[in-house]
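Since the model is a prediction, treat every value here as computed from it, not as a measurement.
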Amino acid sequence: QVQLVESGGGLVQAGGSLRLSCTASGRTSTSGYYAMGWFRRAPGKERELVATVSWSGGTTYYPTSVRGRFTISRDNAENTVYLRMNSLKPEDTAVYYCAASRYTGTTVDASDYVSWGQGTQVTVSS
């Protein structure tokens, strides 16, 4: 019932920045009360959490691999979640997915996310 559409992926040079957007539709009046997350899947690797933000935007969590470089934020009025990626590295190359959690607080387990976007490709060249 909540559809998520990512945008903003593309090709960027190492050290550069990129901002991904994820817009929700279908029950957007309630989707803002759920935590959101960004995941990525690189070739040959398992899907991994990139960032998650609570329903209000007041709490965030990042894994060590991206902490200090990536920033997740949300604009509930626009039903949009963002992922600002700075100091990009070639190892950040992956398909990035946004997802809506079943909970209101930051969510780290992919199994607790109930809606997923189609993914957007991010390629970082060296």
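Looking at E48 and R41, no side-chain N of the basic residue comes within less than 4.0 Å of a carboxylate O on the acidic one, giving no salt bridge.
Counting only distance, with no hydrogens or angles, the side chain of D75 and the backbone of V81 share no donor-acceptor pair below 3.5 Å. Under the 3.5 Å distance criterion, the side-chain polar atoms of T106 are left unmatched by any main-chain donor or acceptor of Y61. Listed for the T52 side chain is no donor-acceptor partner under 3.5 Å among the backbone atoms of V108. Between the side chain of R84 and the main chain of F70, no donor-acceptor pair closer than 3.5 Å is present. Remark: the backbone N or O of Y62 is paired with a side-chain donor or acceptor of R67 at under 3.5 angstrom.
Here the CD-NZ distance, from E91 to K45, works out to 7.5 Å after rounding to the nearest 0.5 Å. Atoms CG and OG, from N79 and S25 in turn, are 8.5 Å apart once rounded to the nearest 0.5 Å. Separating the CE atom in M36 from the OG1 atom in T80 is a distance of 9.5 Å, to the nearest 0.5 Å. The distance from atom OG of S126 to atom CG of L88, rounded to the nearest 0.5 Å, is 13.0 Å.
Side chains of S17 and N86: a donor-acceptor N/O pair is present below 3.5 angstrom, by distance only. Side chains of T107 and S101: a donor on one and an acceptor on the other come within 3.5 Å. In this structure, a donor-acceptor pair under 3.5 Å is absent between the side chains of Y82 and R19. In the model, S54 has no side-chain atom that pairs as donor or acceptor with a side-chain atom of Y34 under 3.5 Å.
Residues L11 and S125 have side chains in contact (heavy-atom distance under 4.5 Å, counting atoms from C-beta outward). Using a 4.5 Å cut-off on side-chain heavy atoms (C-beta onward), Q118 and V5 make contact.
Of all heavy-atom pairs between T23 and E78, the closest is CG2-O, 4.4 Å. P63 and V50 make their closest contact through CD-O, 2.9 Å (heavy atoms, listed as atom of the first residue, atom of the second, distance). Here the shortest heavy-atom pairing between A51 and L83 reads CB-CD1, 4.1 Å. In this structure, W38 and C22 approach most closely via the heavy-atom pair CZ2-CB, 3.7 Å. When every heavy atom of E6 is checked against every heavy atom of Y96, the shortest pair comes out as OE2-O, 3.8 Å. A pairwise comparison of heavy atoms in S56 and R74 identifies C-CD, 4.4 Å as the closest pair.
Hydrophobic clustering places L49 together with V95 (ILVMFWY residues linked when any side-chain heavy atoms are closer than 4.5 Å, directly or through intermediates).
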*Evaluation steps, side-chain contact (heavy atoms from CB on, under 4.5 Å), between L20 and M85*: CA-CA 8 Å; L20 306 182; M85 303 181 291; 3.7 Å; yes

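With respect to R40, the side chain to side chain contact (heavy atoms under 4.5 Å, CB included) criterion is satisfied by exactly one of V66, T120, T93, V122: V66.
Checked against a 6.0 Å centroid threshold, the rings of F39 and W116 count as neighbours.
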